Every structure is written in structure tokens, then in C-alpha cells.
There are 2 protein chains.
Amino acid sequence: MASSRKARLYGGMDAEERRAERRLKLIDAAIEVYGEVGYRGATVKAICEAAELTERYFYESFANSEALLIAAYNHVVGHLHEEMAAAAAAGGDDSEARLRAALTLYFTRLKEHPKPARVFLLEISGISPAVDAVKLDALRVFSDILVPPARDPKGSDKGTAATLLSIGMVGAVISIALRWVSKHYPQPVEDVVVIAASFCRVALTEADRRQDLRLL
Amino acid sequence: MASSRKARLYGGMDAEERRAERRLKLIDAAIEVYGEVGYRGATVKAICEAAELTERYFYESFANSEALLIAAYNHVVGHLHEEMAAAAAAGGDDSEARLRAALTLYFTRLKEHPKPARVFLLEISGISPAVDAVKLDALRVFSDILVPPARDPKGSDKGTAATLLSIGMVGAVISIALRWVSKHYPQPVEDVVVIAASFCRVALTEADRRQDLRLL
DNA sequence: CAGTATTGACAATCTGTATTGTCAGATAAC
DNA sequence: GTTATCTGACAATACAGATTGTCAATACTG
């Protein structure tokens, strides 16, 4: 009775597990292929071949190419953000130290994994509104890790200067990363971190300055 | 004899002039259409209809959609950069004043012309290597207007920290612009300029600091 | 006005890829 | 070993848009 309701096992896995495994293989393959030819150049067929699966299984797990892109993006970025948050936390209370730690981890991973890097730096832009929304959300998380949002007693911050400061900061960091990656890492990680940090400091100190002004 | 070798006139224009006019109409139409549905959503047909021309004339002036995108981009950005350079020049020798002037002009134009803004902020990314190259070049010009490159006695700067500083600066400004435009201009131009300028100042002062170090 | 260059509308073709469907062979359950 | 399920290869279809081609209407020239 224990297994009576389970689907038939193949390779020791039930239907669910097999499906999950195929899904994962497709995501890995997608990252690989995007890294080679870009999202736009990646056909369903090519991704399936790289995953050693047939188109059938593509549509089993994803409604269309865009869905796979989003899944791949979240897969990559999810891991990265977790690690960055952990690194930042290890930096203690010093916001400067936290920043350094998070950025160092970020650029280190970028260098270790060029193909995933391409996925979320390059391939993710301007595909569709749905994809853009996913990206925007990720950038917000990224920003909050680098410079945690100020304790704001009264409600929301939307549309204020603080938001634009975050946006600018993230824009600077991403652009630097993009260039660094596309030029094949000409500078050592530490140097890039220093430069990126100098832009983050703008957001940090400007936000404080404004906070101070408000408190006067 | 004056006109003996000229092509037949239509509407008072010779063949060359008519062709140039159609080309321009296509560029204007493209900007319009890109602004509505984006580059990817823009079909040759739709652009031709907007231009009140038929597909035939599209291929008369452009080899393909991408060529038109590049032409439209250069059209928009060329003007903008000229104006920015002029504004900066009017700011005199004070690099801070020049920066303010150029940024103010930039964000003002962005607000006045949302559709062209879309073309070079949004539509231009990740189309193809050729388009990316055009964009990279434009960003370099943009950067040089905001913060003119330091007088560098010995040769090239490629791959150095100064380049990444420029890249970061431009990335910050563009990202801010993008957000501001896509949220329909929630803040007044002056406020956005202040924020953008704070990121540019990083490039300005960091570059100086490094220059000083080198001179010690 | 007659004749030709030019134009505009639209049909025809071409290409590439997504998506669905078929079927024979492989694998596990009993 | 027999049967039901699952898998892999690949064919059939669908579709969209780019690119080229046709032809009659129009605008100019002399």
C-alpha cells in the first residue's frame, strides 16, 4: 500500500521525480546554450539536444521559451543572492564591510561562471514585459543586499530619491560587471570591487545625508 | 545642360532628394513605432504604413530592420550628443557646472520626447553584435561629454580603472533615466539631475584621486 | 498628347521555428 | 512473458514575418 498510489518507477524515480530531473536538465542546458548563442539564438531544439531530451519534454515543463528563460534566470539569481546575503551578513554591522563582502562574492562568482553570468547580465533585457518584471524584482533584491533600505518609519518610499539612488547604484554595478565579463576579466576581482563599491557608497552616503536633512 | 543629367523631377525633387526624404520618413516612422510597440514588435509593414510608404522603399534605403534601427538610433543620439556637448561647453571651465548643464539638457530632452527616449534607452540593447557596437560607441561619447577624459600623457587607457569608472557612471545615469522615463517622470528634472550628478562625481573625483596617486 | 519614369497596392514566395502528433522500441510491473 | 507505461526519434502542421515580384495608376517630360 505504501507505493500503491505512486506512479510506476523508472530508474528508481517516480513520475514526479523524473519530471523534476528533466526540468533541471533543461534549465542547465538552457544556461549552457544561452551562454553560447544568446537567448535569441537559442532554439527549443538546440536546448533539448543539449539536455539530451526531446521537444516533448520541453513542453512538459515549460509553456514556451520565455518560461524557460525566466526559470533559468531565477535559478541562477536565486543562488547568487542567497550567497551574497550570507556574505553580507558575515560582514557584521559595518555597512562598508558588508558591501565589500557582497560585491567580492558577486564578482568572484561572475568570474567563475561566465555562462550563467551572461544569462542574467545580458540575455535578460528587453525580451518581454513579463521577463522585465522578473528582472526588476531581482534588481531590487540585489540592491537591498548591497545597501539595505533605510529604516523608514512612515510608510513607503516609492518614487522618492532613495529609489533612484538604488537604481543608479545597481545600474553602475551591473554595467561594470557587464564590461568586465565581456572583456574577459582584465582586472583582478579586488580592483573591480573597489570601483563598484565607490558607486555604492554614493547611495549609502546620499541616503544618509537626506535622512539627516529630514531629521533637522 | 544644368539639369540634363539629373533624373526626372517629382514634386520638385530629383531622385536623390526623394530618396533621402523617404529615408527620413522611415526613420521618423520607426521611432514612432518603436515607441509604441518596441523594436521587436515592430514589423517592416507597420513602419512602412506609419511612414506612408510601401515595403519597396524600405529596402531601397535599408538592407534590413536592423539597419533601420541603427540609423534611427544614430539619428536620435547624434542630435542629443550635439546638444549636450554645446550645453557642457556653455558651462565654462567648471567641470561641475558643465556636468550639471549636460545632464539637465539630457533629462529635459528625455521628458520632452518619450518615444525617441525609448529607442535609445530600451530598444537598443541585445539585438545583435552590430547594434551593440553602435551602442557602445555612443555610450563612450556620452561619457566623454559628461566627464571629459583626463589628459593622459602616455598613450591609451584601455582596460584601466578609468574605463570602468566611466562605464559605471554611464550605467548609473542610464538606469536612472530608464526608471524615470518608464515611471512617467515622477520627479522634476532638477531632482533627477542632482541624483545623477552624484554618481558622475564619483567618476570625476576617483579619477582625480588616482591621477594624484600616480603623480606622487 | 504620347511615352516613360516612378509610385503604390498587393500578391507570391521563402525561410525558420514553434508546437503538435505518430509510432516503434524500451522498461518496469506482475 | 505479457501487458501497460514511458521514452526517443522524427514527421506533419502551423504561423509569422521578411523579401521579392507583378501590374496598373499616376506624375512628369517634351
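Here is how names work: the chains are called A, B, and so on, in the same order as the sequence lines, proteins then strands, and each is numbered from 1. These figures come from a predicted structure and were not determined experimentally.
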> Taking atom NZ of A:Lys45 as the centre, does the number of heavy atoms from other residues, nucleotides or ligands within less than 6.0 Å exceed 12?
Replying inline: no
> Does atom CD of B:Glu112 have more than 12 heavy-atom neighbours, drawn from other residues, nucleotides or ligands, at distances under 6.0 Å?
Replying inline: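 Buried by this count: over 12 neighbours within 6.0 Å.
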> Taking for each residue the nucleotide of DNA chain D with the nearest heavy atom, is it B:Gly12 or B:Lys45 whose nucleotide lies nearer the 5' end?
Replying inline: B:Lys45
For [N], does either OP1 or OP2 sit under 4.0 Å from a side-chain N or O belonging to [X]?
{"X": "A:Arg18", "N": "D:dT7", "value": "yes"}
{"X": "B:Arg19", "N": "C:dT6", "value": "no"}
{"X": "B:Arg56", "N": "C:dC10", "value": "no"}
{"X": "A:Tyr57", "N": "D:dT7", "value": "yes"}

Base of [N] paired with side chain of [X] (donor-acceptor, under 3.5 Å):
{"X": "A:Tyr59", "N": "C:dT19", "answer": "no"}
{"X": "A:Tyr10", "N": "C:dA28", "answer": "no"}
{"X": "B:Arg8", "N": "C:dT4", "answer": "yes"}

>> Considering every strand and a 4.0 Å limit on heavy-atom distances, what is the contact class for A:Arg22: base, sugar-phosphate, or nothing?
In response: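 A:Arg22: backbone/sugar contact only, no base atoms under 4.0 Å.
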>> Tell me which one of B:Val181, B:Asp191, B:Val189 satisfies side chain to side chain contact (heavy atoms under 4.5 Å, CB included) with B:Phe107.
In response: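 The residue from B:Val181, B:Asp191, B:Val189 that satisfies side chain to side chain contact (heavy atoms under 4.5 Å, CB included) with B:Phe107 turns out to be B:Val189.
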Nearest whole Å is fine: how far is [N] [atom2] from [X] [atom1]?
{"X": "A:Asn64", "N": "D:dA16", "atom1": "CG", "atom2": "P", "answer": "15 Å"}
{"X": "A:Glu60", "N": "D:dC6", "atom1": "CD", "atom2": "C1'", "answer": "11 Å"}
{"X": "A:Leu53", "N": "D:dC6", "atom1": "CG", "atom2": "C1'", "answer": "13 Å"}
{"X": "A:Met13", "N": "C:dT27", "atom1": "CE", "atom2": "P", "answer": "14 Å"}
{"X": "A:Phe58", "N": "D:dG8", "atom1": "CZ", "atom2": "P", "answer": "17 Å"}
{"X": "B:Asp14", "N": "C:dT7", "atom1": "CG", "atom2": "P", "answer": "11 Å"}
{"X": "B:Leu69", "N": "D:dA18", "atom1": "CG", "atom2": "P", "answer": "13 Å"}
{"X": "B:Ile47", "N": "D:dA18", "atom1": "CD1", "atom2": "C1'", "answer": "12 Å"}

> Start at the 5' end of DNA chain C and walk down; is the nucleotide closest to A:Gly41 or to A:Gly11 reached first?
Replying inline: A:Gly41
> A:Thr54 has a side chain; which of D:dT19, C:dG8, D:dA9 sits nearest to it?
Replying inline: D:dA9
> Which listed nucleotide (D:dT19, C:dA29, D:dG17) is nearest to the side chain of B:Glu55?
Replying inline: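 Looking only at side-chain atoms, B:Glu55 lies closest to D:dT19.
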> Looking at B:Arg100 and B:Ala197, what are the two nearest heavy atoms and their distance?
Replying inline: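 It is NE-CB, 4.4 Å.
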> What are the two closest heavy atoms between B:Asp132 and B:Ile124, and how far apart are they?
Replying inline: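 That would be OD1-O, 4.2 Å.
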